[in-house]
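All residue numbers refer to positions in the sequence shown, counting from 1.
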Amino acid sequence: MLNITLKDGSVRQIAEGKSILDLAQEISEGLARNALAAKLNGELVDLRTPLTQDAQVEILDFNSEGGRHAFRHTSSHILAQAIKRLWPGTKLAIGPAIEDGFYYDVDPLEPLTEEDLPKIEAEMNKIVKEGLAIESYTLPRDEALAWAREAGEDYKVELIQDLPEDEIISFYKQGDFVDLCAGPHIMNTKQVKAIKLTALAGAYWRGDEHNKMLTRVYGTSFPKKSDLEAHLAMLEEAKQRDHRKLGKELGLFMFSEFGPGFPFWLPKGMIVKNEIIQFWKELHYRDFYQEISTPVLLNRSLWETSGHWDHYRENMYTTVIDDEDFAVKPMNCPGGMLVYKSEQRSYRDLPMRMAELGLVHRHEKSGTLHGLMRVRNFTQDDAHIYMTPEQITEEIKGVVRLTDEIYKKFHFDYKMVLSTRPDDYMGKLEEWDAAEAGLKKALDELGVDYTINEGDGAFYGPKIDFYILDSMKRVWQCGTIQLDFQLPQRFEAEYIGQDGEKHRPIMIHRAILGSLERFIGVLIEHCAGKFPAWLAPVQVRILPISTDKHLTYAKALEDKMRSLGLRPEVDDRNEKLGYKIRQAQVEKIPYMLIVGDQEVAEGQVSVRRRDAEKNELMSQEAFVEMLQGAVKRRDWDLA
């Protein structure tokens with residue numbers, strides 16, 4: 001009998017050769033019914049996997065990432081099988097599970113259109129109802145190649161040819177459909193109760209624009225129809241919150257064919273951006289950061305020293321000045337290192353916190369560009385902290401506290417992940433151990449929740465990543481804290497220690513907003529474009545009922561508020577009041593001030609908040625004082 005340790009630490013005994021599904025059934029029928037995949041000694045595997053030795057096993061359902069992956073991986077195979085049934089001459093490329101769904105890249109004889117999606121979906125549902133058992137088997141490489149060539153699957157031939165000569169190739173079969181695949185998959189197609197195909201797109205084979213453009217069919221799937229309906233409702237809400245749509249409607253930013261991937265900030269967008277920057281600067285000044293600015297163009301020799309020329313050049317824009325190679329900076333760190341080295345440093349100067357809102361450029365492939373979320377130039381809210389080994393814990397704690405304060409101001413929840421030493425690390429093992437211990441100590445002393453991602457640190461040091469959750473519970477990676485031993489060594493950075501000797505500082509790379517452009521894109525979707533008053537480009541829309549009788553009063557109020565640093569705007573169009581109110585609501589302006597005979601006579605305003613249906617009569621002074629307080633405190637909710 002084998003001893004199997006379960007997730008809760010309990011141990012079950014099972015006969016050797018039994019499968020993980022057999023184990024689940026012995027534990028409970030309900031567990032087996034909901035099981036989709038498993039982790040065997042940490043590796044994601046099929047439920048059909050036999051148990052041959054003592055092991056740790058975690059059985060996964062749809063609520064786990066691994067369970068969803070197997071479920072949707074099978075869904076992609078059902079999609080491919082349906083397309084092959086409907087259009088037998090179609091060649092298949094790849095079909096992975098992705099976050100919230102799956103896709104399959106196909107090469108059809110005739111172009112697929114959006115009108116074909118319901119037909120494919122119907123065929124997928126037939127395959128589900130057929131309840132096809134899913135089987136796995138392997139073939140030697142030469143037999144796998146023979147299968148692919150006989151089937152006319154040219155893309156599979158290429159994939160197999162790229163594998164080692166002695167590789168045993170894994171296949172999965174459901175009914176008459178066979179696909180080259182490493183798995184894992186669920187046990188039967190009938191488990192995929194709810195399917196929805198969501199989009200068609202073009203995708204170059206292997207992501208290379210020199211290769212053929214394939215058709216990518218996207219979909220999602222769930223074990224229950226109610227879960228699918230809830231997900232589709234969320235997608236519809238996400239569509240309404242799309243920062244690209246709202247950015248255009250609210251006049252925040254634009255893109256041009258003359259600079260794909262390079263955002264243009266419009267006047268209203270600049271207000272949002274500058275308000276965030278001002279908030280950022282105030283907190284950094286308070287926490288004794290020194291702000292610097294480094295050049296956008298720097299000599300090739302600098303990037304050779306930093307390692308970017310050899311390892312990152314394909315993502316860099318380069319030029320020649322006076323017969324010398326230069327590069328547009330993709331990162332701020334090397335420039336910051338030059339500032340540190342510009343004069344001799346002492347242990348008394350440390351920790352030294354240097355912050356930079358640096359504009360960086362990176363060559364992203366055109367197919368990956370996505371509004372503000374993936375651009376070719378962006379502002380990073382970088383900071384580089386130079387310190388002694390003894391200062392690691394306190395500096396990490398300070399960065400975590402600052403990050404927490406900033407995220408809370410924007411009403412973001414977040415998760416933290418500590419990533420440890422990878423296999424291909426640089427530096428000394430004892431340095432890594434000390435660094436990881438320092439990070440863990442800082443997080444433990446703060447009493448914060450975090451998870452450990454073993455082996456996923458950067459090659460130059462361990463890191464803490466911050467994943468923010470927006471109002472729709474979507475996860476975005478923004479902030480990061482990275483410890484670096486290598487860059488100070490590459491640049492021979494030094495400080496004079498208490499012993500009078502030269503020492504190498506340890507460096508923290510730190511970003512909180514990450515890319516300012518991306519952060520604003522996430523923020524737009526988080527609040528659906530309804531910015532709090534301190535961020536809103538127009539904080540107050542003043543609506544005179546009659547442009548003949550009340551405009552002078554409205555303009556005087558606008559001048560008064562502008563002189564106090566507020567952002568009012570008078571709607572002096574000769575339109576009906578109801579139309580003006582609806583327009584202000586469409587533009588998501590926080591406050592409307594309605595001005596009529598009574599308000600003019602008594603020096604008052606009728607206040608309507610953005611989402612309210614009723615008005616509140618207030619004196620000019622009371623409203624201005626209320627708004628000033630909300631802006632000064634940077635309140636999230638409207639006063």
Side-chain angles (χ1 to χ4, degrees), residues 99 201-204 207-209 238-239 241-277 280 293-298 303 308 312-319 327-335 356-383 406 410 412 465-468 470 474-480 509-529 531 535 537:
E99 186 176 358
Y204 291 110
D208 186 339
E209 60 255 39
K239 193 184 300 182
R241 290 171 177 258
D242 190 314
H243 75 283
R244 295 167 297 179
K245 171 179 177 288
L246 291 173
K248 184 176 181 179
E249 291 174 357
L250 302 178
L252 302 175
F253 60 88
M254 60 171 272
F255 288 89
S256 167
E257 63 196 42
F258 297 105
F262 297 96
F264 289 69
W265 287 101
L266 303 178
K268 289 181 177 179
M270 281 303 299
I271 291 173
V272 176
K273 186 176 180 181
N274 285 334
E275 287 293 339
I276 292 173
I277 287 173
W280 184 94
S293 179
T294 61
V296 172
L297 269 173
L298 290 165
W303 303 110
H308 288 90
Y312 202 73
R313 188 178 171 189
E314 69 275 9
N315 295 103
M316 298 166 68
Y317 298 108
T318 60
T319 189
V328 181
K329 66 177 180 181
M331 297 174 188
N332 298 306
C333 331
E356 177 175 15
L357 289 160
L359 183 64
V360 300
H361 292 70
R362 298 178 185 175
H363 177 60
E364 303 283 358
K365 292 181 178 179
S366 58
T368 66
L369 300 176
H370 180 75
L372 295 179
M373 304 303 194
R374 182 65 70 89
V375 290
R376 286 173 168 159
N377 77 300
F378 54 93
T379 302
Q380 272 193 317
D381 70 318
D382 265 334
I406 290 176
F410 295 99
F412 283 121
D465 287 324
F466 293 81
Y467 294 86
I468 61 177
D470 68 14
R474 295 174 300 180
V475 178
W476 308 89
Q477 197 276 314
C478 286
T480 187
H509 301 260
R510 186 237 71 185
I512 296 175
L513 305 178
S515 155
L516 190 54
E517 282 69 13
R518 186 168 184 265
F519 184 83
I520 292 175
V522 173
L523 181 64
I524 291 168
E525 299 195 4
H526 177 54
C527 66
F531 294 114
L535 278 178

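- Side-chain contact between C333 and E356 is absent, with no heavy atoms from C-beta onward closer than 4.5 Å.
- Closest approach of Y467 and D465 over heavy atoms only: CE1-CB, 3.7 Å.
- Looking only at side-chain heavy atoms (C-beta outward), W303 and T318 stay at 4.5 Å or farther from each other.
- With contacts defined as side-chain heavy-atom distances shorter than 4.5 Å, the pair L523/I276 qualifies.
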Check the pair V522 / F410 against side chain to side chain contact (heavy atoms under 4.5 Å, CB included), numbers first and verdict last.
CA-CA 11 Å; V522 173; F410 295 99; over 6 Å; no

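- Atom NZ of K273 sits about 4.0 Å away from atom OG1 of T379, to the nearest 0.5 Å.
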Evaluate F519 against L372 for side chain to side chain contact (heavy atoms under 4.5 Å, CB included), listing each step before the verdict.
CA-CA 8 Å; F519 184 83; L372 295 179; over 6 Å; no

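- Here the shortest heavy-atom pairing between E517 and P263 reads CG-CG, 4.2 Å.
- Closest heavy-atom contact between G371 and F255: O-CZ, 3.3 Å.
- Residues L359 and N377 are in side-chain contact: their nearest non-hydrogen atoms beyond the backbone lie under 4.5 Å apart.
- Closest heavy-atom contact between G207 and K365: O-NZ, 3.3 Å.
- Put simply, the side chain of M373 does not reach to within 4.5 Å of the side chain of S515, judged on heavy atoms.
- Between W265 and F253, the two ring planes are perpendicular [angle over 60°; tilted spans 30° to 60°].
- The OG1 atom of T480 lies 10.5 Å from the CZ atom of R510; values are rounded to the nearest 0.5 Å.
- With values rounded to the nearest 0.5 angstrom, I520 atom CD1 is found 8.5 Å from L252 atom CG.
- Across every non-hydrogen atom of V272 and L535, the tightest pair is CG2-O, 3.5 Å.
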Show your working on side chain to side chain contact (heavy atoms under 4.5 Å, CB included) between V360 and F378 and close with a plain yes or no.
CA-CA 6 Å; V360 300; F378 54 93; 3.4 Å; yes

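- For the pair R518/H370, no side-chain contact is recorded, criterion being any heavy-atom separation below 4.5 Å from C-beta on.
- Counting heavy atoms from C-beta on, the side chains of K268 and L250 never come closer than 4.5 Å.
- With hydrogens and angles ignored, the 3.5 Å screen pairs no side-chain donor or acceptor of H361 with any backbone N or O of Y317.
- A distance of 7.0 Å separates NE2 in H308 from CE in M316, rounded to the nearest 0.5 Å.
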What verdict does the side chain to side chain contact (heavy atoms under 4.5 Å, CB included) test give for L357 and W280, after you've listed the backbone C-alpha separation in whole Å, the side-chain angles of each residue and the deciding distance to 0.1 Å?
CA-CA 10 Å; L357 289 160; W280 184 94; 3.7 Å; yes

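- The local environment of NZ in K245 is crowded, with over 12 non-hydrogen atoms from other residues, nucleotides or ligands closer than 6.0 Å.
- In this structure, F466 has its ring center at least 6.0 angstrom away from the ring center of F412.
- When atom types are taken as modelled, the side chain of K329 and the backbone of T294 share a donor-acceptor pair closer than 3.5 angstrom.
- Looking at R474 and H526, their side chains never bring a donor and an acceptor atom within 3.5 Å of each other.
- K248 contributes atom NZ, which lies 11.5 Å from atom CG of L266 (distance to the nearest 0.5 angstrom).
- Note that CG of L246 is 7.0 Å distant from CD1 of I524, once rounded to the nearest 0.5 Å.
- Considering only heavy atoms from C-beta on, R376 comes within 4.5 Å of L369 through its side chain.
- Residues D242 and E525 share a closest heavy-atom pair of CA-OE2, 3.6 Å.
- For the pair Q477 (side chain) and G479 (backbone), a donor-acceptor distance under 3.5 Å is present.
- With hydrogens and angles ignored, the 3.5 Å screen pairs a side-chain donor or acceptor of N315 with a backbone N or O of H363.
- For the pair D381 (side chain) and L513 (backbone), a donor-acceptor distance under 3.5 Å is present.
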